[in-house]
Protein chains: 2
Amino acid sequence: MSQYEHTCMIRGDGGRTIRAVLDRICDKWTLLIVVTLDQGRLRFSDLHRRIPGISQRMLTLSLKNLERDGLVSRTAYAEVPPRVEYALTPMGQSLIPPALALAGWATEHIAEIEASRAAYAERM
Amino acid sequence: MSQYEHTCMIRGDGGRTIRAVLDRICDKWTLLIVVTLDQGRLRFSDLHRRIPGISQRMLTLSLKNLERDGLVSRTAYAEVPPRVEYALTPMGQSLIPPALALAGWATEHIAEIEASRAAYAERM
DNA sequence: CAGAATCCGGCTTGATACTG
DNA sequence: CAGTATCAAGCCGGATTCTG
């Protein structure tokens with residue numbers, strides 16, 4: 001069967017648990033924001049700069065969802081101009097190792113995937 | 001800085017690599033299909049049964065994309081009624097550990113996330 | 001059994017403009 | 001600076017029907 005015995009536990013509910021979390025962190029930006037915040041406490045504009053391509057709107061929404069889910073903490077300072085800092089909560093930090101595992105796999109296999117894609121397109 | 005030194009490598013391109021792979025495996029069903037196929041070689045109808053909630057259409061499309069990307073192999077037998085089996089390629093199998101890491105995190109923290117969500121909704 | 005084809009509603013996302 | 005508000009587009013995904 002599986003080469004990883006605890007798989008059955010994860011599939012025990014027919015994938016509902018993994019689907020529930022996938023629905024939360026597997027949108028377009030969330031996981032990338034979490035990995036970026038592993039660099040430490042960052043301001044809104046810092047995040048915006050470090051994540052190329054994300055819109056203000058999406059950064060706002062994603063951060064709000066992450067805060068609601070308890071993965072990110074938001075700290076607003078009563079200053080002018082306003083300053084808001086975001087940081088990973090302990091639970092958010094616990095997501096870093098699996099997230100990096102996936103990211104590591106990504107960097108290792110992206111070329112092979114692209115090659116497979118190209119070969120597939122060639123055959124058409 | 002980061003507690004995981006190789007993070008900088010992953011973020012080196014501004015997250016473009018991780019985004020490229022996220023775009024591929026982080027749709028609604030792909031990762032779940034991969035994890036399910038870790039059980040071994042499965043027929044189309046088997047997959048359909050083992051993944052509750054997925055439509056025929058989405059299973060077909062996801063499998064086609066996985067095959068194109070070189071993560072899944074498809075074997076059709078010339079029989080009536082037709083039989084088609086799907087299995088992970090070596091690259092597909094290499095995705096299992098990171099995928100399970102994420103799935104494991106999911107099962108461990110889903111309750112805490114739900115609690116945080118509930119508390120958040122309460123405050124509103 | 002294992003799909004392919006079609007239709008279509010809705011959610012996600014992006015662009016833009018505005019504000020405390 | 002750190003958002004909010006509004007709008008429109010596009011893609012995702014579900015339901016259904018049909019086929020070799």
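Chain letters run A, B, ... following the sequence lines, proteins first, then strands; residues in each count from 1.
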Q. Shortest non-hydrogen contact from B:Ile54 to B:His48?
A. O-NE2, 3.1 Å
Can you name the side-chain hydrogen bond (donor to acceptor under 3.5 Å, both in side chains) partners of [X], sequence neighbours left out?
X: B:Ser62; answer: none
X: A:Arg74; answer: none
X: B:Arg43; answer: none

Q: Go through residues 78-88 of chain A and report each residue with a non-hydrogen atom lying under 4.0 Å from DNA chain C, sorted by number.
A: A:Pro82
Q | Partner set under side chain to side chain contact (heavy atoms under 4.5 Å, CB included) for A:Ala20, not counting sequence neighbours | A | A:Arg24, B:Ile110
Q. Which residues pass the side chain to side chain contact (heavy atoms under 4.5 Å, CB included) test with A:Thr89, sequence neighbours left out?
A. A:Ser73, A:Met91
**Q.** Side chains of A:Leu22 and B:Trp29 in contact at under 4.5 Å (non-hydrogen atoms)
**A.** no
Q.
Can you pull out the residues from residues 52-66 of chain A that lie within a 4.0 Å heavy-atom distance of DNA chain D?
A. A:Gln56, A:Arg57, A:Thr60, A:Lys64
What residues, two or more places apart in sequence or in another chain, satisfy salt bridge (charged side-chain N to carboxylate O under 4.0 Å, His left out) together with [X]?
X: A:Glu85; result: A:Arg41, A:Arg83
X: B:Arg117; result: A:Asp69
X: B:Glu122; result: none

Q. Can you name the ring-ring contact (aromatic ring centres under 6.0 Å, His included) partners of B:Trp105, sequence neighbours left out?
A. B:His109
Provide, to the nearest angstrom, the distance between the [atom1] atom belonging to [X] and the [atom2] atom belonging to [N].
X: A:Arg43; N: D:dA2; atom1: CZ; atom2: C1'; value: 9 Å
X: B:Asp27; N: D:dG10; atom1: CG; atom2: C1'; value: 17 Å
X: B:Phe44; N: D:dT19; atom1: CZ; atom2: P; value: 18 Å
X: B:Ile51; N: D:dG13; atom1: CD1; atom2: C1'; value: 15 Å
X: B:Leu22; N: D:dC12; atom1: CG; atom2: P; value: 15 Å

**Q.** First-last contacting nucleotides on DNA chain C - partner chain A, under 4.0 angstrom, heavy atom
**A.** C:dT13 to C:dG20
